[in-house]
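Below: one structure, written as structure tokens.
What's counted below: heavy atoms across the whole structure, side chains too, no hydrogens, waters or symmetry copies.
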Amino acid sequence: MTAPSPAPATTDTLLSVRDLTVEFGTKGQTPFRAVDGVSFDVRPGQTVGLVGESGCGKSVTSLAIMGLLPKRGNKVAGSATFDGTDLLTLDDREMRDRRGRDVAMIFQDPLSSLNPVVSIGVQVAEVLQRHRGMKKSAAMAESRDLLDKVGIPDPSRRLKEYPHQLSGGMRQRALIAMALACKPRLLIADEPTTALDVTIQAQILNLLKELVVDSGTALIMITHDLGVVAGLCDEVNVLYGGRIVETAPRHELFASPRHPYTNGLLGSIPRLDGARNEQLAAIPGSVADNIPWTSGCAFAPRCSRAIDVCRAETPSLEQDSVAIEDHLLRCHNPWPTGGEA
């Protein structure tokens with residue numbers, strides 16, 4: 001059985017995701033549950049992180065919220081209530097009206113997300129024409145201002161160029177400009193800095209941080225990089241095997257990581273103050289080594305703290321008894337407070 005959802009969202013919640021479940025599988029096949037009862041809230045001006053390895057369900061969660069999963073071969077259940085409307089109940093036309101205007105997404109790979117045979121200016125202007133009803137000339141002028149706002153040099157020239165003529169960093173900035181065109185109230189960023197060098201990564205993250213502070217836009221940051229989380233997120237949800245295994249405010253999570261998986265992710269980050277020859281602590285195995293949540297804890301085969309109950313009983317997501325009120329944990333045998341044993 002799926003664990004009970006956390007408490008209902010507060011009145012100032014912009015997006016409330018409850019018991020979101022996504023199953024893949026065609027007729028005659030055993031369905032694969034990629035997202036399994038995920039619940040979280042996002043408030044205006046808040047940055048919420050979804051963190052975990054590849055295959056844990058982060059991107060599928062975001063695509064389900066955006067209504068971008070294919071209609072065939074999958075089943076989506078639960079709710080994603082945005083400003084009083086469940087996005088999962090909208091038809092294609094209603095969702096297209098919402099996407100780009102109220103809810104926008106920055107994808108991981110800008111080169112495959114941009115149309116290779118359409119100039120950057122036209123692609124940004126299309127969003128303005130579709131959702132704000134602007135004339136082409138006015139939309140192009142606004143597009144130039146957007147490119148300038150996101151830090152693309154010589155925006156008048158870049159309007160006429162094609163994606164292959166831009167660097168990786170400029171392509172990502174162009175995607176951000178498209179996402180910001182209609183001033184959405186919720187922005188989902190799916191690993192927006194993965195393919196960029198570290199200096200460009202810092203610039204993109206600063207740009208997103210300024211967006212949240214200046215406009216009050218809510219941001220969902222999807223990443224496997226806890227360094228990104230440390231500098232950007234207010235609240236962090238750690239996913240494993242399609243379920244949230246730990247959720248806490250950023251400072252609390254880094255000060256007292258309780259789940260062994262969270263500790264493993266933190267232990268794999270290089271430290272500037274560490275010994276020169278110190279080896280990083282890797283999490284053994286891979287996400288393919290999971291056991292079904294219905295049989296116990298999915299992380300048990302890879303966990304250094306697994307005990308018999310971990311392989312026999314499914315842990316529920318509950319308030320951590322030794323942490324602050326907003327720290328939820330799904331674990332039978334967590335690390336002591338502070339993450340050290």
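Phe254 places a side-chain heavy atom less than 4.5 Å from the side chain of Leu226. Gln172 has its side chain within reach of Ile106: a pair of non-hydrogen atoms, C-beta onward, lies under 4.5 Å apart. Here the side chains of Pro163 and Ile120 are in contact, with some heavy-atom distance below 4.5 Å. Proximity of Arg144 to Ser156: side-chain heavy atoms (C-beta onward) are separated by under 4.5 Å at one or more points. Looking at Leu266 and Thr262, their side chains come closer than 4.5 Å, going by heavy atoms from C-beta outward. Inter-residue side-chain proximity for Val103 and Pro184 is flagged as unmet; no heavy-atom pair is nearer than 4.5 Å. Here the side chains of Val228 and Glu191 are not in contact, with every heavy-atom distance at 4.5 Å or above. No side-chain heavy atom of Thr85 sits less than 4.5 Å from a side-chain heavy atom of Glu94.
Between the Lys58 side chain and the His224 main chain, no donor and acceptor come within less than 3.5 Å of each other. Formation of a donor-acceptor pair under 3.5 Å by the Thr223 side chain with backbone atoms of Val51 is not found in this model. Counting only distance, with no hydrogens or angles, the side chain of Trp293 and the backbone of Gly241 share a donor-acceptor pair below 3.5 Å. Of the possible donor and acceptor atoms, none in the side chain of Arg311 sits under 3.5 Å from a partner among the backbone N and O of Gly296. Not one N or O on the side chain of Arg101 forms a donor-acceptor pair closer than 3.5 Å with the backbone of Cys182. Panel note: side chain His131, backbone Arg99; a donor-acceptor pair is recorded below 3.5 Å. Between the side chain of Asp326 and the backbone N or O of Ala248, no donor-acceptor pair lies under 3.5 Å. At least one donor-acceptor pair under 3.5 Å links the side chain of Asn263 to the backbone N or O of Pro257. Between the side chain of Asn206 and the main chain of Gln203, no donor-acceptor pair closer than 3.5 Å is present. The backbone N or O of Val118 sits less than 3.5 Å from a side-chain atom of Gln123, completing a donor-acceptor pair.
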Working for side chain to side chain donor-acceptor pair (under 3.5 Å), residues Ser59 and Asp190: CA-CA 7 Å; Ser59 295; Asp190 187 1; 2.9 Å; yes
Test side chain to side chain contact (heavy atoms under 4.5 Å, CB included) applied to Asp102 and Phe82, step by step: CA-CA 9 Å; Asp102 298 324; Phe82 176 82; 3.8 Å; yes
Test log, rule side chain to side chain contact (heavy atoms under 4.5 Å, CB included), inputs Ile244 and Leu328: CA-CA 9 Å; Ile244 293 177; Leu328 302 178; over 6 Å; no
Test side chain to side chain contact (heavy atoms under 4.5 Å, CB included) applied to Phe24 and Leu69, step by step: CA-CA 10 Å; Phe24 294 115; Leu69 290 174; 4.2 Å; yes
CA sep, side-chain torsions, deciding dist, call: Ile220, Ser62, side chain to side chain contact (heavy atoms under 4.5 Å, CB included): CA-CA 9 Å; Ile220 298 176; Ser62 65; over 6 Å; no
Test salt bridge (charged side-chain N to carboxylate O under 4.0 Å, His left out) applied to Arg93 and Asp97, step by step: CA-CA 6 Å; Arg93 181 187 60 79; Asp97 289 339; 3.6 Å; yes
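Residue Leu14 comes nearest to Ala218 through the heavy atom pair CD2-CB, 3.8 Å, listed as atom of the first residue, atom of the second, then distance. Counting all heavy atoms, side chain and backbone alike, Thr13 lies closest to Arg43 at CA-CG, 4.3 Å. Residues Ala179 and Leu187 share a closest heavy-atom pair of CB-CD1, 3.7 Å. The two residues Leu147 and Pro155 have their closest heavy-atom pair at CB-CB, 3.8 Å. Residues Gln129 and Ala139 come closest through the heavy atom pair CG-CB, 3.9 Å. Summarising the geometry of Arg305 relative to Asn333, their closest heavy-atom pair is O-ND2, 2.8 Å, with the distance given to 0.1 Å.
The NZ atom of Lys209 sits 10.0 Å away from atom SG of Cys233, with the distance rounded to the nearest 0.5 Å. A distance of 4.5 Å separates OG1 of Thr81 from CG of Asp86, quoted to the nearest 0.5 Å. Here the CG-CD distance, from Leu50 to Glu235, works out to 10.0 Å after rounding to the nearest 0.5 Å. Taking CG of Leu20 as the start and CG of Asp36 as the end, the distance is 10.0 Å to the nearest 0.5 Å. A distance of 11.5 Å separates OG of Ser215 from CZ of Arg185, quoted to the nearest 0.5 Å. To the nearest 0.5 Å, the span separating CG on Asp154 from CG on Leu159 amounts to 9.5 Å.
No chain of hydrophobic side-chain contacts below 4.5 Å, direct or via other Ile, Leu, Val, Met, Phe, Trp or Tyr residues, connects Leu239 to Leu329. Connection of Val117 to Val122 is established within a shared hydrophobic cluster, with ILVMFWY side chains joined at heavy-atom distances below 4.5 Å, either directly or through further cluster members. Linking Ile, Leu, Val, Met, Phe, Trp and Tyr whenever their side-chain heavy atoms come within less than 4.5 Å puts Val150 and Ile204 in one cluster. Criterion: ILVMFWY side-chain heavy atoms under 4.5 Å apart, direct or through other members. Under it, Val60 and Leu68 are part of a common hydrophobic cluster. There is a path of hydrophobic side-chain contacts, each under 4.5 Å, that joins Leu90 to Ile188.
A salt bridge links Asp41 and Arg18; the closest N-O separation between the charged side-chain nitrogens and carboxylate oxygens is under 4.0 Å. With salt bridges taken as basic N to acidic carboxylate O contacts below 4.0 Å, none links Asp148 and Arg173.
Partner Tyr261 forms a side chain to side chain donor-acceptor pair (under 3.5 Å) with one of Arg330, Arg302, Glu53 and no other, that one being Glu53. Put simply, the residue from Glu246, Arg258, Gln319 that forms a side chain to side chain donor-acceptor pair (under 3.5 Å) with His327 is Glu246.
Using cut-offs of 30° and 60° on the angle between ring planes, the pair Tyr240 and Phe299 is perpendicular. Aromatic ring orientation, Tyr162 versus His164: parallel (interplanar angle below 30°, classes split at 30° and 60°).
The number of heavy-atom neighbours closer than 6.0 Å to CG of Asp308, taken from other residues, nucleotides and ligands shown, is 12 or below.
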